[in-house]
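What follows is a single structure, written as structure tokens, with notes after it.
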Amino acid sequence: MSAPVENRIAITLPDGSSRELETGATGLDLARSIGEGLARAAVAVQVNGGDTQDLRLPLADGDAVRIITSRDEEALGVLRHSAAHVLAEAVVARYPGTKVTIGPAIEAGFYYDFDFPEGTVINDEALAQLEKDMKHLVKQGRKWDRWEVTRDEALEHFRSAGEQYKVELIEGLPADEPITFYRQGEFTDLCRGPHVQDAKGMKAIKLTSTAGAYWRGDSTREQLTRIYGTAFFSKEDLATHLANLERAKLNDHRLLGTKLDLFSFDPVSPGSPFWHPRGLNIWNAITEMWREEHGRRGYQEVKTPILYKPELWKKSGHWDAYKDGMFFTELDEDGHQFGLKPMNCPAHATLIKTRRLSYRDLPVRMNEQGLVHRFEASGVLHGLMRVRHITQDDAHIFCAPDQVLDEVTSTLAFVRDLMQLFGFDDYTMELSTRPDKAIGDDALWEKAEAALAEALVRNDLPYTLNPGDGAFYGPKIDFHVRDSMGRTWQCGTIQLDYNMAQPERFDITYAGEDNEEHEVVVIHRALLGSMERFIGILLEHYGGEFPLWMAPEQVRVLPVADRHNDYAREVVAALRERRLRAELDDRTESVGRKVRDAGMQRTPIVLVVGDAEAEGRTVTVNRRGDDAKPTISLDELVEQVSTEVAERRLSDHVAQALRADATEA
RNA sequence: GCCCUCUUAGCUCAGUGGUAGAGCACUUCCAUGGUAAGGAAGGGGUCAUCGGUUCAAAUCCGAUAGAGGGCUCCA
């Protein structure tokens with residue numbers, strides 16, 4: 001690799017190779033230097049691992065550049081942001097006098113907020129019409145021009161157009177930030193970019209819904225109309241996305257919870273689920289597994305109170321940030337007030353303080369299904385996904401600084417093993433680093449961040465960096481899983497904490513080999529997040545089909561006629577003897593009817609017993625997702641089922657359901 | 001919490017000023033059945049709650065509670 005000559009810059013590509021370009025060359029120039037085809041397919045560039053950037057921006061000497069094409073995930077965001085501009089163009093053409101505001105790409109598409117003229121109604125027909133308009137504009141051909149303007153030019157442009165929201169945005173921009181305009185067709189917008197070069201790739205557009213939104217998210221400001229939509233590079237991708245949305249509606253855990261008789265809610269305790277017997281069976285199966293897996297990994301389970309005096313959180317430092325989100329009791333006769341804990345950390349810290357720790361004790365791994373309460377605003381409660389009564393699968397690992405790497409490494413392996421057990425094969429990690437207002441010295445932070453990164457590498461887990469998003473007391477890793485409908489959920493989290501053990505907090509120290517006092521490092525971690533939410537996620541992921549080991553009802557026994565009830569009861573008893581969840585359906589109904597009802601409840605195994613079975617002490621096995629109906633001996637059946645449950649296999653019918661749902665994202 | 005919408009039988013839902021309906025579920029009876037709904041009869045609701053308008057309110061108005069969607073993704 002030679003040093004750049006004058007008027008030349010050197011650019012590094014992801015494969016490690018280097019290219020020389022003229023000074024001032026843009027991302028587009030770079031793509032063109034590689035090939036015309038790539039230049040046409042390019043959507044944006046990623047420079048030095050940062051955000052996506054417009055192809056028309058000049059590159060600098062030494063930049064590491066990745067060219068993003070429609071095949072890359074980031075390209076969708078660029079496409080959708082451009083689609084938002086096309087929507088705005090369509091809207092101002094059809095509804096003159098509409099004021100435009102902002103229109104970003106979001107996770108599953110884009111939106112644009114408009115201030116429509118008084119009395120404008122955007123209903124489904126209007127949405128369909130706008131979608132047609134957008135497609136028409138794309139067909140006409142749209143290219144994006146980009147140029148920089150001065151602040152005064154920008155203000156003048158939007159003031160004369162009466163676009164007060166844009167004026168407000170410009171006025172709020174830092175003085176040193178360059179202001180750029182983008183124009184496609186008749187529509188010019190203040191925009192940071194990037195945008196696609198032209199709309200040719202915008203093969204599939206769909207406007208999905210409208211909603212009210214406040215200007216700048218401020219409920220005292222103007223109420224705007226938000227139009228949601230999505231866009232893809234291919235019609236197939238859009239069709240998959242829409243099918244996933246449909247399936248998500250059918251697999252809504254709130255509907256399944258009612259249909260499968262798992263849990264319910266009542267106005268007497270908003271945001272707190274009532275677990276029905278069948279739902280609690282799922283919970284208990286998970287808990288049993290969770291206990292075993294923690295015990296195997298050297299954790300010790302504890303149980304701590306839910307009521308505390310506020311002094312606890314004043315000590316932990318949570319008070320100021322959390323007190324508004326907590327529940328409190330009235331004052332008791334001695335003038336004490338108690339709060340319901342919103343997190344378990346201070347409780348575990350209190351517990352560990354009862355021990356005099358030696359380096360020989362470390363690490364101490366303390367796990368608890370900790371019941372916490374958070375006063376979530378009534379408008380954000382959502383089934384099991386957002387509750388006020390939260391059972392966290394929490395743990396705190398108290399260790400010496402030189403144990404952090406090993407502990408994080410094994411915790412990552414733990415969370416990955418668990419997610420695979422549940423059939424989550426697609427997951428991503430996010431490493432969040434030191435925020436602006438962090439405590440502790442730089443060297444400690446660097447060491448902590450390096451330890452987390454090293455642990456990710458050791459587990460062969462790819463991750464994205466989220467700079468500055470760590471907690472004030474330490475960096476963290478978040479574990480995101482992708483469900484069968486392509487949505488991602490943050491479940492596990494691993495946080496390093498150098499704050500809690502400090503003398504002014506809980507002062508947790510251990511006697512080292514040197515017989516000196518040392519502060520412990522605390523690792524906070526949750527693997528599933530909360531039991532409530534995780535079961536909600538599982539319900540939607542599986543579409544109500546549970547692997548045998550978790551199924552609310554594992555086996556249902558159907559006698560053909562009343563005279564087979566006695567034998568059927570024996571079958572149920574034999575299964576229950578092995579701690580299997582078996583039920584008898586002795587209603588005076590036809591076999592067809594009972595088979596149907598068992599199917600509706602997603603029972604994985606249905607046994608039919610009639611004359612032949614009672615005679616030979618056998619059962620005819622209906623396995624969910626399998627058309628074969630073998631008749632086998634009762635003893636054999638009990639063994640088979642016990643083994644499958646003990647091994648916690650992801651049952652075939654569930655694997656099938658997940659495959660059927662799998663998206664090609 | 002704020003905006004919009006909704007709340008009718010255990011569940012899913014019809015019912016737009018004239019006195020409450022369907023399907024499923026439930027109970028009883030008949031049928032004793034071999035793989036996704038056998039037949040018949042029956043019970044069940046102060047229409048979320050409170051207040052108002054009206055000769056008359058599930059229906060119109062207001063308040064309260066709960067639920068659903070949105071309010072976080074920034075030119």
Side-chain angles (χ1 to χ4, degrees), chain A residues 77 80-81 84-85 88 100-113 149 154 158 163 165-174 177-182 188-193 195 208-228 249 252 254-255 257-261 264-271 276 324-325 375-383 556 558-565 586-601 603 606-613 620-624 627-629 631:
Chain A
R80 286 163 176 174
H81 186 193
H85 280 224
V100 297
T101 68
I102 61 167
I106 54 176
E107 197 188 323
F110 62 87
Y111 68 78
Y112 208 113
D113 286 346
V149 293
F158 285 113
E163 293 281 7
Y165 300 97
K166 292 290 181 187
V167 171
E168 192 180 326
L169 286 172
I170 295 163
E171 283 167 346
L173 289 177
E177 204 169 307
I179 295 175
T180 52
F181 276 13
Y182 276 83
T188 303
D189 204 354
L190 169 75
C191 185
R192 180 163 55 193
H195 280 284
T208 47
S209 61
T210 60
Y214 298 104
W215 173 233
R216 315 220 103 170
D218 181 345
S219 59
T220 65
R221 300 294 308 267
E222 295 85 343
Q223 173 110 34
L224 307 170
T225 302
R226 174 169 298 180
I227 298 182
Y228 283 99
K249 230 183 265 176
D252 187 316
R254 292 166 299 182
L255 297 179
T258 303
K259 216 192 267 180
L260 304 181
D261 194 18
S264 57
F265 288 91
D266 191 279
V268 294
S269 186
H276 298 197
D324 291 338
F375 195 2
E376 304 285 0
S378 61
V380 304
L381 298 177
H382 180 87
R556 187 175 292 189
L558 311 186
V560 171
D562 288 351
R563 66 177 177 280
H564 310 120
N565 284 355
D586 61 355
R587 291 175 302 164
T588 61
E589 292 289 351
S590 65
V591 174
R593 175 52 178 272
K594 293 181 192 177
V595 167
R596 177 176 186 271
D597 289 346
M600 303 276 280
Q601 289 296 306
T603 315
V606 176
L607 302 177
V608 177
V609 295
D611 290 333
E613 288 83 358
T620 297
V621 184
N622 293 242
R623 189 63 212 235
R624 191 152 176 82
D627 288 335
K629 297 180 189 0
T631 300

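In what follows, every chain begins at residue 1, and chains take the letters A, B, ... in the order their sequences are listed. Computation of the quantities below employed the complete heavy-atom set of this structure, encompassing side-chain atoms and omitting hydrogens, waters and symmetry-equivalent molecules.
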With rounding to whole Å, what would you report as the distance between U16(B) and U7(B) at their P atoms?
-> 13 Å
Looking only at side-chain atoms of Val591(A), point me to the closest of U35(B), C74(B), C11(B).
-> U35(B)
Considering every strand shown, what is the Watson-Crick or G-U wobble mate of G62(B) when both distances are under 3.5 Å?
-> C50(B)
From U32(B), G1(B), G66(B), nucleotide with atom closest to Pro267(A) side chain | G66(B)
Considering all heavy atoms, the nearest Pro559(A)-Asn565(A) contact = CG-OD1, 3.1 Å
For atom C1', what is the distance between U19(B) and G38(B), given to the nearest Å?
-> 38 Å
Would you classify Phe110(A) as touching base, sugar-phosphate or nothing, given that sugar-phosphate means primed atoms plus P, OP1 and OP2, and contacts are heavy atoms under 4.0 Å?
-> nothing
Taking OP1 and OP2 of C71(B), is either one under 4.0 Å from a side-chain nitrogen or oxygen of Tyr111(A)?
-> no
Atom CD of Gln601(A) and atom C1' of C24(B) are separated, to the nearest Å, by 13 Å
Under a 3.5 Å cut-off for both distances, is A22(B) Watson-Crick or wobble paired, and to whom?
-> U12(B)
OP1 or OP2 of C73(B) sitting under 4.0 Å from any side-chain N/O of His81(A)?
-> no
Checking N1-N3 plus N6-O4 or O6-N4 for Watson-Crick, or N1-O2 and O6-N3 for wobble, each under 3.5 Å, the partner of C73(B) is none
Taking the side chain of Asn622(A) as heavy atoms from C-beta outward, which of U35(B), A65(B), A67(B) is closest to it?
-> U35(B)
For Thr588(A), answer base if it contacts any base atom (sugar-phosphate contacts may also be present), sugar-phosphate if it contacts only those atoms, and nothing otherwise; contact means non-hydrogen atoms under 4.0 Å.
-> base
Quick one: label Pro178(A) by what it contacts on the DNA or RNA (base, sugar-phosphate, nothing), any heavy atom closer than 4.0 Å.
-> base
Take atom NZ of Lys629(A) as the centre, draw a 6.0 Å sphere, and report whether it contains more than 12 heavy atoms from other residues, nucleotides or ligands.
-> yes
Counting heavy atoms from C-beta on, name the nucleotide in A36(B), G1(B), C74(B) closest to the side chain of Pro104(A).
-> C74(B)
In terms of the nearest nucleotide of RNA chain B, which residue is placed more toward the 5' end: Ile179(A) or Met600(A)?
-> Met600(A)
For nucleotides C60(B) and C26(B), find the distance between their P atoms and express it as a whole number of Å.
-> 35 Å
Under the 3.5 angstrom rule, does the side chain of Gln601(A) hit a backbone N or O of Lys259(A) as a donor-acceptor pair?
-> yes
Give one of base, sugar-phosphate or nothing for Gly592(A), where a contact means two heavy atoms less than 4.0 Å apart.
-> sugar-phosphate
When we call it a touch if two heavy atoms are under 4.0 Å apart, what does Lys166(A) touch: a base, just sugar-phosphate, or nothing?
-> sugar-phosphate
If you find the nucleotide of RNA chain B closest to Thr631(A) and the one closest to Ala377(A), which residue's nucleotide is nearer the 5' end?
-> Ala377(A)
What integer distance in Å separates Ile227(A):CD1 from C71(B):P?
-> 15 Å
Out of C74(B), G1(B), U32(B), whichever nucleotide has its closest atom nearest the side chain of Ala561(A) | U32(B)
How is Leu558(A) classified with respect to the nucleic acid when contacts are heavy atoms under 4.0 Å: base, sugar-phosphate, or nothing?
-> nothing
Check: G34(B) base within 3.5 Å donor-acceptor of Glu613(A) side chain = yes
Considering every strand shown, what is the Watson-Crick or G-U wobble mate of A37(B) when both distances are under 3.5 Å?
-> none
Is any side-chain N of the basic residue among Asp597(A) and Arg587(A) closer than 4.0 Å to the acidic one's carboxylate O?
-> yes
Val595(A) has its side chain closest, among A36(B), G34(B), C71(B), to A36(B)
In terms of heavy-atom contacts, does CZ of Phe181(A) have more than 12 from other residues, nucleotides or ligands at under 6.0 Å?
-> yes
Have a look at Asp611(A) and say if it touches a base, only the backbone sugar-phosphate, or nothing, with a 4.0 Å heavy-atom cut-off.
-> base
If only side-chain N and O atoms of Arg226(A) are considered, is one of them under 4.0 Å from the OP1 or OP2 phosphate oxygen of C4(B)?
-> no
Check the distance between C26(B)'s P and Arg587(A)'s CZ and give it to me in whole angstrom.
-> 6 Å
Which part of the nucleic acid does Val606(A) contact within heavy-atom distance under 4.0 Å: base, sugar-phosphate only, or nothing?
-> nothing
For Ala598(A), answer base if it contacts any base atom (sugar-phosphate contacts may also be present), sugar-phosphate if it contacts only those atoms, and nothing otherwise; contact means non-hydrogen atoms under 4.0 Å.
-> nothing
Watson-Crick or G-U counterpart of G44(B), or none if no pair lies under 3.5 Å = none
Taking the same atom, P, in U28(B) and in G51(B), what whole-Å distance lies between them?
-> 40 Å
Judged by atom type as modelled, is there a donor-acceptor pair below 3.5 Å linking the side chain of His564(A) to the main-chain atoms of Asp611(A)?
-> yes
In whole Å, what separates the C1' atom of U8(B) from that of U27(B)?
-> 23 Å
If we take the P atom in both G45(B) and G34(B), what is their distance in whole Å?
-> 38 Å
Using the P atom on both, measure A20(B) against A9(B) and round to a whole Å.
-> 15 Å
With under 30° as parallel and over 60° as perpendicular, where do the rings of Tyr165(A) and Trp215(A) fit, or are they tilted in between?
-> perpendicular
Rounded to the Å, how far apart are Leu381(A) CG and C71(B) P?
-> 16 Å
Could you work out which one of G1(B), A37(B), G34(B) sits closest to the side chain of Arg596(A)?
-> A37(B)
Any side-chain heavy atom of Tyr111(A) sitting closer than 4.5 Å to one from Pro104(A)?
-> yes
Tell me which nucleotide among U35(B), C74(B), G1(B) gets nearest to the side chain of Lys629(A).
-> U35(B)
Consider the side chain of Ser590(A), meaning its heavy atoms from C-beta on, and name the nucleotide among G38(B), C73(B), G1(B) that approaches it most closely.
-> G38(B)
Whole Å only: how far is the OH atom of Tyr228(A) from the C1' atom of C4(B)?
-> 13 Å
Which heavy atom of Cys191(A) sits nearest a heavy atom of His81(A), and at what distance?
-> SG-CE1, 3.2 Å
Looking only at atom C1', what distance separates U54(B) and U59(B), rounded to whole Å?
-> 13 Å
